[in-house]
Amino acid sequence: MILGKKKNSSIMKTEARDAWIMMAPAIVVLSVVAVYPIIRTVWLSLHEMVLTDPGSGYPFIGMKNYTAIFKDKRALESIAFTLKFTVTTVVFELLIGFTAALIMNKPFKGKGAVRAAILIPWAIPTSVSAMMWKFIYNDQYGLFNDILFRFGIIDKYKAWLSTSDGSFMALVITDVWKTAPYMALLILAGLQMIPEELYEAAEIDGANVFQKFFYVTLPTVKTTVLVALLFRTLDAFRVFDLISVMTGGANGTESVSVYTYNHLMKFLDFGYGSAMAMMIFAVVFIISLIYMRVLGDQITDR
């Protein structure tokens with residue numbers, strides 16, 4: 001009996017050692033590409049490091065860069081815009097993506113072609129789609145103005161990207177157009193996992209279309225929807241290339257990522273810029289924790 005326990009203990013130790021050996025290359029790579037940059041960014045955020053003033057000596061200032069964020073009106077405005085953009089786009093993408101997934105989940109002729117076509121916007125690089133939509137919103141030859149003018153919605157062409165409301169609307173439409181298909185793809189995968197027997201049982205019980213949706217479809221794909229929302233929320237909060245190409249952050253459309261980039265690359269203020277980057281990291285980490293807690297509860301309930 002004792003020999004058996006010692007043998008099992010020896011096997012477990014050997015397996016643990018082999019596991020660490022096999023994971024070692026991945027741990028090294030992860031440390032180089034992820035852990036070290038984070039540590040370096042934290043170190044920079046605790047110093048006053050403006051490269052245009054090398055004579056300052058880059059002194060240690062502790063948490064002053066972080067406290068300065070809450071006194072910086074422009075930083076707070078960028079945070080407010082980012083939150084507004086994130087909530088608006090994610091809500092529309094969820095509604096449109098869920099509707100598209102329900103349609104694609106139904107049997108109809110040419111379903112494969114429709115599924116392939118709907119993913120085209122998502123497959124286009126963000127910078128390319130942003131440039132394309134920037135031409136569409138052009139105030140002289142843009143397709144958006146032409147359509148609205150032909151239908152009598154506007155009486156003259158407008159420079160949509162020259163105003164705060166117009167820029168926000170343009171950014172939301174562009175982002176929803178590009179990423180709603182991604183949301184639809186994830187939700188469609190969840191819908192296809194629902195056994196047909198559940199719907200048959202609901203019909204036998206006399207459930208109508210709405211009852212089947214709220215009592216069969218929605219509870220079954222809830223976890224999939226939460227995963228889709230997690231991915232899209234994180235992407236929307238970190239939005240950079242879309243805004244950088246279409247508006248450059250003008251007219252109150254400067255996101256947190258764009259504002260951070262400006263401090264790091266344009267103003268060469270690595271201390272304050274690093275503090276902003278760590279703030280983004282903290283918010284993304286908190287959002288991930290909240291979603292994972294909710295996801296964990298959903299999986300446990302099952």
Side-chain angles (χ1 to χ4, degrees), residues 80-124 126 129 168-239 242 283-302:
F81 169 80
T82 305
L83 293 174
K84 179 183 176 182
F85 176 84
T86 300
V87 173
T88 304
T89 54
V90 170
V91 168
F92 278 109
E93 287 161 9
L94 175 61
L95 296 176
I96 296 174
F98 211 130
T99 303
L102 290 172
I103 294 173
M104 290 188 294
N105 195 46
K106 299 293 181 181
F108 60 89
K109 190 175 181 180
K111 181 169 64 174
V114 172
R115 289 181 178 179
I118 201 172
L119 291 176
I120 292 177
W122 176 61
I124 299 175
T126 303
S129 62
F168 180 75
M169 177 204 68
L171 290 170
V172 168
I173 292 175
T174 305
D175 191 70
V176 171
W177 174 84
K178 175 173 172 53
T179 53
Y182 174 72
M183 186 81 77
L185 179 66
L186 292 178
I187 297 175
L188 177 62
L191 291 174
Q192 293 183 331
M193 298 297 293
I194 302 176
E196 192 63 32
E197 291 79 7
L198 292 179
Y199 292 109
E200 294 175 357
E203 288 182 1
I204 293 174
D205 291 337
N208 56 36
V209 175
F210 296 102
Q211 289 173 327
K212 284 191 289 185
F213 174 77
F214 285 105
Y215 293 104
V216 178
T217 303
L218 200 56
T220 309
V221 299
K222 188 183 295 183
T223 303
T224 304
V225 171
L226 287 172
V227 172
L229 285 174
L230 170 61
F231 290 154
R232 278 306 308 139
T233 301
L234 297 182
D235 284 342
F237 188 83
R238 297 174 300 176
V239 62
L242 175 68
V283 172
V284 169
F285 183 73
I286 292 171
I287 293 174
S288 300
L289 283 180
I290 294 173
Y291 272 108
M292 294 307 296
R293 176 64 182 271
V294 175
L295 279 171
D297 292 342
Q298 294 297 325
I299 295 173
T300 303
D301 291 342
R302 290 187 175 187

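Just so it is clear, the structure is predicted and the values come from calculations on it, not from any experiment.
- The side-chain heavy atoms of Met183 and Leu229, taken from C-beta on, include a pair separated by under 4.5 Å.
- Counting only distance, with no hydrogens or angles, the side chain of Ser129 and the backbone of Thr126 share a donor-acceptor pair below 3.5 Å.
- Judged by a 6.0 Å distance limit and a 45° cone about the ring axis, Lys212 is not positioned over the six-membered ring of Tyr199.
- For Trp177, the CH2 atom is densely surrounded, since the number of other residues' heavy atoms within 6.0 Å is greater than 12.
- No more than 12 heavy atoms of other residues, nucleotides or ligands sit less than 6.0 Å from atom OH of Tyr215.
- Counting only heavy atoms from C-beta outward, the side chains of Leu119 and Tyr182 never approach each other to under 4.5 Å.
- Contact check for Val90 versus Phe85: no side-chain heavy atoms found under the 4.5 Å cut-off.
- Between Leu234 and Tyr291, the closest side-chain pair of non-hydrogen atoms is not below 4.5 Å.
- Pro219 approaches Phe214 most closely through the heavy-atom pair CD-O, 3.3 Å.
- Residues Phe213 and Phe98 place their aromatic rings such that the two centres sit under 6.0 Å apart.
- Distance check: Met292 CE to Ile287 CD1 gives 14.0 Å after rounding to the nearest 0.5 Å.
- Atom CD1 of Ile103 is separated from atom CD1 of Ile118 by 8.0 Å, given to the nearest 0.5 angstrom.
- Using a 4.5 Å heavy-atom threshold, the side chains of Val221 and Met193 count as separate.
- Put simply, the residue from Thr88, Leu242, Val176 that forms a side-chain contact (heavy atoms from CB on, under 4.5 Å) with Leu171 is Leu242.
- Among all heavy-atom pairs drawn from Leu230 and Ser288, the shortest one is CD1-CA, 4.0 Å.
- Judged purely by atom type and a 3.5 angstrom limit, Gln211 uses its side chain to pair as donor or acceptor with the backbone of Asn208.
- With a 4.5 Å cut-off on side-chain heavy atoms, Phe81 and Val239 do not count as touching.
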Take Lys178 and Asp175, measure what salt bridge (charged side-chain N to carboxylate O under 4.0 Å, His left out) needs, and give me the verdict at the end. CA-CA 5 Å; Lys178 175 173 172 53; Asp175 191 70; over 6 Å; no
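- Note that NZ of Lys222 and OG1 of Thr220 are 9.5 Å apart. Values are rounded to the nearest 0.5 Å.
- Among all heavy-atom pairs drawn from Ala184 and Ala101, the shortest one is O-CB, 3.6 Å.
- Two residues are said to be in side-chain contact when any heavy atoms from C-beta on lie closer than 4.5 Å; Leu94 and Ile187 meet this criterion.
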With side-chain contact (heavy atoms from CB on, under 4.5 Å) as the criterion, how do Thr179 and Thr89 come out once you've worked through the C-alpha distance, each side chain's angles and the decisive distance to 0.1 Å? CA-CA 9 Å; Thr179 53; Thr89 54; over 6 Å; no
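- Note that OG1 of Thr224 is 11.0 Å distant from CD of Gln192, once rounded to the nearest 0.5 Å.
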